Number of protein chains: 2
Amino acid sequence: MALDQAGLDLLFRQARTHNKWTDQQVTEDELRAVYDLLKFGPTSANCSPARFVFLRGQAAKEKLSPALSSGNRDKTMAAPVTVIVAHDPKFYDQLPKLFPHVDARPWFTGSETLANETAFRNGTLQGAYLILAARAVGLDAGPMSGFDNKKVDEAFLAEEGWRSNFLVNLGHGDESGVMARLPRLGFEEACRIL
Amino acid sequence: MALDQAGLDLLFRQARTHNKWTDQQVTEDELRAVYDLLKFGPTSANCSPARFVFLRGQAAKEKLSPALSSGNRDKTMAAPVTVIVAHDPKFYDQLPKLFPHVDARPWFTGSETLANETAFRNGTLQGAYLILAARAVGLDAGPMSGFDNKKVDEAFLAEEGWRSNFLVNLGHGDESGVMARLPRLGFEEACRIL
């Protein structure tokens with residue numbers, strides 16, 4: 001069992017980062033469908049530290065604007081949805097539910113360094129699952145790191161104590177805004193077989 | 001355009017972390033096919049910091065063994081391939097090729113903190129792309145964090161100066177080794193719509 005050629009194109013080979021969007025909106029049902037796929041992606045000890053804030057309304061987008069780098073502002077303000085991919089640094093409080101057969105909480109409460117690294121690594125994995133899950137349900141994605149994390153944390157995440165990682169615009173891409181495909185490293189440059 | 005139900009099951013809904021493997025080997029062509037998909041996944045400024053060391057031979061597996069946590073040792077030694085998902089902390093030296101229209105190298109040579117964070121975040125994204133690309137070509141994956149990164153770096157990555165992030169076993173999974181699906185956070189627990 002493998003994906004067919006159209007599926008490989010949709011997720012990887014023909015998929016592109018989008019910068020321009022059609023007027024077609026993204027529904028709450030679509031956002032829930034994306035989450036209901038990405039949540040199954042693997043994380044260490046099922047710790048699932050990622051949290052997702054979907055900015056869809058005009059007020060939320062305007063609150064985000066001052067945190068964006070100038071090169072990311074216009075396309076992000078125009079995107080139907082911008083997702084703050086964040087993580088909960090106290091993700092371990094959910095472990096009794098998420099990993100019930102072992103008491104894994106002390107692994108992390110005893111080491112803030114390990115907890116932070118685990119939240120960042122696994123929250124990032126889940127951010128990648130979000131990008132591919134969005135493509136899988138027929139949305140286009142535009143992920144980016146160019147923004148002020150501290151401002152986003154203060155504006156949107158302070159109450160929950162979550163921390164922003166990166167942003168992903170979601171919508172239906174307008175092909176005219178897609179850049180030429182940039183080169184990738186060859187197998188021999190990036191890989192070794194031993 | 002969206003994946004069909006079988007595709008969504010293959011990548012997300014029915015996909016599971018595997019702990020036991022059939023005798024079917026993984027070919028070099030399959031490893032190259034996985035890389036030729038994952039390389040197209042988006043990274044910040046196309047920086048592509050991930051490096052992948054595929055351990056397939058008996059000698060390589062035995063060199064890995066002392067670095068594994070006891071709970072991960074047997075399944076990893078039995079896996080047809082174990083991938084060290086690593087990153088190159090000097091990834092920015094490739095930027096003139098990967099992101100040729102802007103001189104992006106100084107963004108990172110001026111800040112080791114930003115360079116390390118960028119390598120870790122984007123290398124992790126690429127590790128997630130590897131997991132899903134493996135599933136997309138019909139392989140099963142078993143990712144894990146339980147190992148001694150320092151030992152792996154010394155044993156396998158010292159010459160290149162790469163740094164290990166996490167490990168992924170690859171092969172054809174034996175369903176009898178799959179655990180019961182663990183619970184996931186509900187949309188209301190992990191997500192907000194603003």
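Here is how names work: the chains are called A, B, and so on, in the same order as the sequence lines, proteins then strands, and each is numbered from 1. Note that the structure is predicted; figures quoted are calculated from it, not measured.
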Tell me the closest heavy-atom pair linking [X] and [Y], and the distance in Å.
X: T17(A); Y: G142(A); value: CG2-CA, 4.0 Å
X: P49(B); Y: A119(B); value: CG-O, 3.7 Å
X: R73(A); Y: S65(A); value: NE-O, 3.0 Å
X: T109(B); Y: P106(B); value: OG1-CA, 3.3 Å

Checklist line | Pairs where residues 65-121 of chain B contributes a residue and the test ring pair (Phe, Tyr, Trp, His ring centres under 6.0 Å) is met, not counting sequence neighbours | finding: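 Counting only pairs at least two positions apart or across chains, the ring pair (Phe, Tyr, Trp, His ring centres under 6.0 Å) contacts touching residues 65-121 of chain B are F120(A)-F120(B), F91(B)-F108(B), F99(B)-H101(B).
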
Checklist line | Close contacts, residues 149-185 of chain B versus chain A, judged by heavy atoms under 4.5 Å | finding: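 Within residues 149-185 of chain B, near chain A: F156(B), E160(B), W162(B), N165(B), F166(B), R181(B), L182(B), P183(B), R184(B), L185(B).
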
Please classify the contact between [X] and chain A as side chain, backbone, both or neither, with a heavy-atom cut-off of under 4.5 Å.
X: A133(B); answer: both
X: L31(B); answer: both
X: I131(B); answer: side chain
X: A128(B); answer: both
X: L10(B); answer: side chain
X: M144(B); answer: neither
X: A6(B); answer: both

Look at the side-chain heavy atoms of Ile, Leu, Val, Met, Phe, Trp and Tyr, link any pair under 4.5 Å apart, and say whether [X] and [Y] land in one connected group.
X: L98(B); Y: V102(B); answer: no
X: M77(B); Y: W21(B); answer: no
X: F40(A); Y: Y129(B); answer: no

Notebook entry, point to check: Between K61(B), E28(B), M1(B), R32(B), which has the largest tally of heavy atom pairs under 4.5 Å with chain A?
Noted result: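 So the answer, after comparing K61(B), E28(B), M1(B), R32(B), is R32(B).
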
Margin query: Looking only at heavy atoms and a cut-off of under 4.5 Å, which of G138(B), P143(B), C191(B) has the most pairs with chain A?
Written below: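 The candidate making the most pairs under 4.5 Å is C191(B).
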
Check: Is the backbone of H18(A) close enough, under 3.5 Å, to the side chain of D140(A) for a donor and an acceptor to pair up by distance?
Finding: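 A pair under 3.5 Å: no.
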
Item checked: Donor-acceptor pair, side chain of K20(B) and main chain of A78(B), under 3.5 angstrom ->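 Checking the backbone N and O of A78(B) against the side chain of K20(B), no donor-acceptor pair under 3.5 Å is found.
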
Next item on the list: Report the relative orientation of the aromatic rings in F187(A) and Y35(B); use parallel for angles under 30°, tilted for 30 to 60°, perpendicular for over 60°.
Entry: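 Correct class here is perpendicular.
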
Which of the residues [options] is involved in the greatest number of heavy-atom pairs with chain B at under 4.5 angstrom?
options: Q14(A), R51(A), R16(A); result: R51(A)
options: N46(A), D36(A), L8(A), V53(A); result: N46(A)
options: S44(A), A15(A), P42(A), P100(A); result: P42(A)
options: L139(A), V137(A), L125(A); result: L125(A)

Notebook entry, point to check: Within a strict 4.5 Å, meaning less than it, do heavy atoms of the I84(B) and F52(B) side chains meet?
Noted result: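 Sidechains of F52(B) and I84(B): no contact.
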
Check each atom of [X] against the heavy atoms of chain B and say whether the ones under 4.5 Å are side chain, backbone, both or neither.
X: A141(A); value: neither
X: L37(A); value: both
X: E188(A); value: side chain
X: E189(A); value: both
X: A60(A); value: side chain

Margin query: Could you tell me if R56(A) and Q25(A) have a donor-acceptor pair between their side chains, going purely by distance under 3.5 Å?
Written below: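 The criterion, which ignores hydrogens and geometry beyond distance, is not satisfied for R56(A) and Q25(A).
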
Check: Between L11(B) and L132(A), does a side-chain contact (heavy atoms from CB on, under 4.5 Å) hold up when you go through it step by step?
Finding: CA-CA 10 Å; L11(B) 288 191; L132(A) 294 183; over 6 Å; no

Check: Would you say K90(A) has more than 12 foreign heavy atoms packed within less than 6.0 Å of its NZ?
Finding: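 No, not enclosed.
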
